[in-house]
Amino acid sequence: MSSNGWSGAREWREKANRIAPTIVGGSKKHGGPDLGPTRSRKAWECLGVDGSLIAYDPPSSDFIGMPRLTVRKASLLQGFPIDWEFVGKKTPATDK
């Protein structure tokens with residue numbers, strides 16, 4: 001969360017230091033990439049994550065609010081190796 005210089009990253013990290021819900025994702029049929037149904041998004045909110053959408057980029061230095069996960073962050077939470085490459089936009093992202 002701090003890779004773009006977001007000043008709130010350290011405080012956010014303290015709040016997000018618990019077990020997260022399973023990432024189930026959204027679909028084009030239901031509005032695009034997100035972190036799952038309402039109950040799941042509420043659990044993400046308790047961790048300080050806006051689960052309504054997946055972000056293209058980490059928060060900027062002047063960001064205010066709840067950050068969103070990127071495809072990269074979601075993949076790391078699911079156990080993908082850090083050097084795993086994804087191609088495509090958020091919804092159809094696939095491994096290389």
Side-chain angles (χ1 to χ4, degrees):
M1 291 296 185
S2 64
S3 63
N4 281 342
W6 180 39
S7 59
R10 185 172 294 191
E11 182 181 334
W12 172 84
R13 182 179 64 196
E14 297 300 318
K15 184 175 184 178
N17 193 14
R18 287 181 267 153
I19 296 173
T22 300
I23 297 175
V24 293
S27 69
K28 287 182 184 180
K29 180 180 176 183
H30 294 106
D34 60 35
L35 293 177
T38 303
R39 195 169 89 198
S40 184
R41 288 195 310 263
K42 287 181 188 264
W44 282 106
E45 187 177 328
C46 290
L47 293 170
V49 173
D50 178 349
S52 64
L53 291 171
I54 300 293
Y56 281 107
D57 298 303
S60 61
S61 60
D62 59 349
F63 177 78
I64 297 173
M66 278 195 305
R68 297 175 176 149
L69 298 181
T70 61
V71 170
R72 169 64 56 205
K73 286 182 184 67
S75 70
L76 292 171
L77 289 172
Q78 294 175 83
F80 284 86
I82 197 161
D83 60 348
W84 196 279
E85 291 186 52
F86 290 88
V87 295
K89 293 187 176 186
K90 297 181 292 187
T91 301
T94 60
D95 64 308
K96 224 173 170 183

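Here the structure is a predicted model, which means the values were calculated and not measured.
Residues Leu47 and Leu69 are members of one and the same hydrophobic cluster, defined by side-chain heavy-atom contacts under 4.5 angstrom among Ile, Leu, Val, Met, Phe, Trp and Tyr.
Side-chain contact between Pro59 and Met1: present, with at least one pair of heavy atoms (C-beta onward) separated by less than 4.5 Å. The shortest distance between side-chain heavy atoms of Met66 and Glu45 falls below 4.5 Å. Looking at Lys73 and Pro58, their side chains come closer than 4.5 Å, going by heavy atoms from C-beta outward. Annotation: side chain of Arg72 is not in contact with side chain of Asp57 (no heavy-atom distance under 4.5 Å).
Clustering of Ile, Leu, Val, Met, Phe, Trp and Tyr by side-chain heavy atoms under 4.5 Å joins Ile82 with Leu76.
Under the 3.5 Å distance criterion, the side-chain polar atoms of Ser40 are matched with a main-chain donor or acceptor of Leu35. Checked by atom type and distance alone, the side chain of Arg41 pairs as donor or acceptor with a backbone atom of Gly36 at under 3.5 Å.
Ring geometry for Trp6 against Trp12 counts as tilted: the plane angle lies between 30° and 60°, on a 0 to 90° scale. The aromatic rings of Trp84 and Phe80 stand perpendicular to each other, their planes meeting at an angle above 60°, with 30° marking the opposite boundary.
The CG atom of Asn4 sits 10.5 Å away from the CG atom of Asp62 when rounded to the nearest 0.5 Å.
In terms of heavy atoms, Thr22 sits closest to Trp44 at O-NE1, 4.5 Å.
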